[in-house]
Engineer: 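Shown below is the structure under consideration.
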Amino acid sequence: MNKIDVLSKINPQMKAVLAKEDELAGDANDTSVGFEQMRENYVVGRAHWTEGGPVMAETVDAEVDGPHGPVPVRLYYPTEEAAAARAAGKGALPAIVYVHGGGFVLGNLDTHDRICRILAERTRVPVVAVDYRLSPEAKFPSAVEEVAAVAAHLHEQGARHGIDGERLSFAGDSGGAHLGLAATLYLREEMGGSGFVKCCLLYYGWFGLADSSSMRLLGGPWDGLTEADWQFYMQMYANDPAELATNPYANLFLNDMERDMPACYIAAAEYDPLRDDSATLAAICEQYGTPFRYEVFEGVIHAFLHYTKMLDAANDALEHGATFYREQLGL
């Protein structure tokens, strides 16, 4: 009830994207079909959007030991310099750990492949994508622990991959933005420190709000984020969804953000029910003097980062995040 008429307000490019989405097989936003069918639909639907884009000097699929078994990763080396560092086993370059979105239920290394390649090209550093176990088979806090374990591995053994383990960062979209920041805080509080995490690129993440103005006014079939959809994802993610409000690795605003926080690029979509999570995080960064940049991309909805083939905002968001990253790391 009382929702804003989003489809009448999104920009022409976003409307064209949604029209294209309607042509593609499967509706990954329809939670009523169940998570297994949603996953199939999501993979089919994303295949079109991941085609083309930058070519890497080298791409390597590997595994990292995690707390619940091996965690598949994909390492993107955008330049010959980066590939040579890997071949030589020298930790020459900083790297970005990319965590994909999909409500903790959907997505894999392939569904976000183009995003990772673009980010690697724009930053000119290796990107390491994490294929954490999905819910409901794996419940909270499994994904947080696995993402943190990949970063800890790179911190300790980055040279094996041509990566400087003292200069790592996180990037992610939606649930992946949540997991990147959650893993940073988990490393800080549970694994001996997060000082090697220099920057977070956070695209339209959920950071812990259970209610907000944007949640009340936005969300619908076009983005799969109605109240009922949101409850579906939370029930998939946690054994006890009520725990998410009180656990600091789910409700990230329960953490002390006055200290030991990385620089944050925070990107929100104007017509996204999660927009106020980004606004809240940006206000906290400003309050405590954490380096940050906060942008609201006008006329677009949640998950817009996938649509770099057709949407200027998606390309701008990746470019601006890469620019912020390079500035923060002095590259």
Side-chain angles (χ1 to χ4, degrees), residues 1-4 6 29 31 99 101-106 135 139-141 143-144 147 170-186 188-189 200-220 222-258 261-262 264-288 290 292-298 300-305 317:
M1 288 181 71
N2 306 315
K3 296 282 190 176
I4 288 174
V6 167
N29 291 332
T31 56
V99 194
F104 314 113
V105 175
L106 314 173
S135 298
K139 294 288 190 173
F140 172 82
V144 178
V147 172
F170 282 109
D173 62 293
S174 190
H178 171 93
L179 290 172
L181 185 55
T184 301
L185 296 163
Y186 188 86
R188 189 184 80 177
E189 300 298 330
C200 285
L201 308 181
L202 305 171
Y203 294 95
Y204 45 80
W206 170 63
F207 303 117
L209 296 185
D211 195 8
S212 68
S213 175
S214 60
M215 286 180 175
R216 292 295 180 104
L217 295 174
L218 302 168
W222 49 86
D223 59 15
L225 286 175
T226 65
E227 287 85 349
D229 295 328
W230 183 250
Q231 292 304 316
F232 168 86
Y233 287 114
M234 295 298 98
Q235 288 162 6
M236 292 288 103
Y237 187 45
N239 283 314
D240 177 11
E243 179 192 2
L244 299 178
T246 59
N247 189 298
Y249 305 118
N251 181 357
L252 305 187
F253 295 125
L254 296 176
N255 290 275
D256 179 3
M257 294 185 175
E258 187 175 3
M261 284 284 287
C264 291
Y265 175 77
I266 306 166
E270 182 179 12
Y271 295 113
D272 182 355
L274 301 186
R275 184 188 64 207
D276 287 350
D277 281 79
S278 291
T280 302
L281 180 61
I284 292 169
C285 289
E286 184 173 34
Q287 163 82 359
Y288 294 137
T290 300
F292 79 102
R293 180 177 178 183
Y294 173 50
E295 284 192 272
V296 179
F297 287 86
E298 296 180 354
V300 297
I301 63 173
H302 190 79
F304 73 92
L305 207 63

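These numbers come from the heavy atoms of this one structure, side chains and all, not from hydrogens, waters or symmetry mates.
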Engineer: Which residues satisfy the salt bridge (Lys or Arg N to Asp or Glu O under 4.0 Å) test with E258, sequence neighbours excluded?
Structural biologist: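 So E258 forms no salt bridge (Lys or Arg N to Asp or Glu O under 4.0 Å) with any residue.
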
Engineer: Can you tell if the side chain of E298 reaches within under 4.5 Å of the side chain of Y271, non-hydrogen atoms only?
Structural biologist: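 Sidechains of Y271 and E298: no contact.
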
Engineer: Which value, rounded to the nearest 0.5 Å, describes the distance between S278 atom OG and L274 atom CG?
Structural biologist: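 With rounding to 0.5 Å, OG (S278) is 7.5 Å from CG (L274).
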
Engineer: List the residues meeting ring pair (Phe, Tyr, Trp, His ring centres under 6.0 Å) with Y204, not counting sequence neighbours, and say none if there are none.
Structural biologist: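 Counting only residues at least two positions away or on another chain, Y204 forms a ring pair (Phe, Tyr, Trp, His ring centres under 6.0 Å) with H302, F304.
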
Engineer: Just to verify, what does R293 make a salt bridge (Lys or Arg N to Asp or Glu O under 4.0 Å) with, not counting sequence neighbours?
Structural biologist: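 For R293 the salt bridge (Lys or Arg N to Asp or Glu O under 4.0 Å) partners, ignoring immediate neighbours, are E295.
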
Engineer: Would you list the pairs meeting salt bridge (charged side-chain N to carboxylate O under 4.0 Å, His left out) in which at least one residue belongs to residues 172-185, sequence neighbours left out?
Structural biologist: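 Residue pairs with at least one partner in residues 172-185: there are none.
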
Engineer: Taking C-beta and beyond as the side chain, do L185 and L252 meet within less than 4.5 Å on heavy atoms?
Structural biologist: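 In short, these two side chains touch, coming nearer than 4.5 Å.
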
Engineer: Could you pull out all residues at least two apart from I4 that satisfy side-chain contact (heavy atoms from CB on, under 4.5 Å)?
Structural biologist: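 Residues passing side-chain contact (heavy atoms from CB on, under 4.5 Å) with I4: V6, K9, L217, L218.
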
Engineer: Would a distance-only check, ignoring hydrogens and angles, find a side-chain to backbone donor-acceptor pair under 3.5 Å from S214 to P273?
Structural biologist: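 At least one qualifying donor-acceptor pair exists.
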
Engineer: Residues two or more places apart in sequence or in another chain: which of them pass side-chain hydrogen bond (donor to acceptor under 3.5 Å, both in side chains) with Y249?
Structural biologist: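 Once residues adjacent in sequence are excluded, the partners of Y249 under the side-chain hydrogen bond (donor to acceptor under 3.5 Å, both in side chains) criterion are E190.
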
Engineer: Under the salt bridge (charged side-chain N to carboxylate O under 4.0 Å, His left out) definition, can you give me all pairs with a residue in residues 266-278, not counting sequence neighbours?
Structural biologist: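 Sorted result for residues 266-278: empty, none.
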
Engineer: Taking atom OG1 of T226 and atom CE of M215, what is their separation to the nearest 0.5 Å?
Structural biologist: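 Answer for the OG1-CE pair, T226 versus M215, is 12.5 Å.
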
Engineer: Please report the C-alpha distance between F170 and L179 in whole Å, then the side-chain angles of each, then the deciding distance to 0.1 Å, and finally whether the side chain to side chain contact (heavy atoms under 4.5 Å, CB included) criterion is met.
Structural biologist: CA-CA 9 Å; F170 282 109; L179 290 172; over 6 Å; no

Engineer: Who pairs with W222 by ring pair (Phe, Tyr, Trp, His ring centres under 6.0 Å), at least two apart in sequence or on another chain?
Structural biologist: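 Applying ring pair (Phe, Tyr, Trp, His ring centres under 6.0 Å) to W222 gives none.
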
Engineer: Please find the pair of heavy atoms, one from G175 and one from F104, that lie closest to each other, and give the distance.
Structural biologist: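 For G175 versus F104, the nearest heavy atoms are O-CE2, 3.7 Å.
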
Engineer: How would you list, by chain and number, every residue that makes a side-chain hydrogen bond (donor to acceptor under 3.5 Å, both in side chains) with S213, sequence neighbours excluded?
Structural biologist: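 With neighbours one apart ignored, the set is empty.
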
Engineer: To the nearest 0.5 angstrom, please state how far the OH atom of Y265 sits from the SG atom of C200.
Structural biologist: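 SG of C200 is found 14.0 Å from OH of Y265.
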
Engineer: Search all heavy atoms of Y294 against all heavy atoms of A268 and return the closest pair with its distance.
Structural biologist: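 Minimum heavy-atom contact is CE1-CB, 4.1 Å.
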
Engineer: Got a donor-acceptor contact below 3.5 angstrom from the T290 side chain to the E286 backbone?
Structural biologist: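 Absent.
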
Engineer: If every non-hydrogen atom of F297 is compared with every non-hydrogen atom of A267, which pair is closest and at what distance?
Structural biologist: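 F297 and A267 have their closest heavy atoms at CE1-CB, 3.9 Å.
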
Engineer: Please enumerate all residues that pass side-chain hydrogen bond (donor to acceptor under 3.5 Å, both in side chains) together with T280, with sequence neighbours excluded.
Structural biologist: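 For T280 there are no side-chain hydrogen bond (donor to acceptor under 3.5 Å, both in side chains) partners, ignoring immediate neighbours.
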
Engineer: How would you list, by chain and number, every residue that makes a salt bridge (Lys or Arg N to Asp or Glu O under 4.0 Å) with E227, sequence neighbours excluded?
Structural biologist: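 With neighbours one apart ignored, the set is K3.
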
Engineer: Just by distance, do the side chain of N255 and the backbone of P248 share a donor-acceptor pair under 3.5 Å?
Structural biologist: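 It does hold such a pair.
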
Engineer: Would L181 and F207 count as a side chain to side chain contact (heavy atoms under 4.5 Å, CB included) here? Give the steps.
Structural biologist: CA-CA 8 Å; L181 185 55; F207 303 117; 4.0 Å; yes

Engineer: Could you pull out every donor-acceptor pair under 3.5 Å between side chains of residues 233-246 and any protein atom, sequence neighbours left out?
Structural biologist:
unit_1: D240; atom_1: OD1; unit_2: A242; atom_2: N; d: 3.1
unit_1: E243; atom_1: OE2; unit_2: N247; atom_2: ND2; d: 3.4
unit_1: T246; atom_1: OG1; unit_2: E243; atom_2: O; d: 3.2

Engineer: Ignoring hydrogens, what is the shortest heavy-atom contact between F253 and G208? Give both atom names and the distance.
Structural biologist: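 Closest approach of F253 to G208, heavy atoms only: CE1-N, 4.1 Å.
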
Engineer: Walk me through whether L281 and M257 qualify under side chain to side chain contact (heavy atoms under 4.5 Å, CB included).
Structural biologist: CA-CA 9 Å; L281 180 61; M257 294 185 175; 3.8 Å; yes

Engineer: Find the distance between CG (L202) and SG (C264) and round it off to the nearest 0.5 Å.
Structural biologist: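 If I round to the nearest 0.5 Å, the distance is 5.0 Å.
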
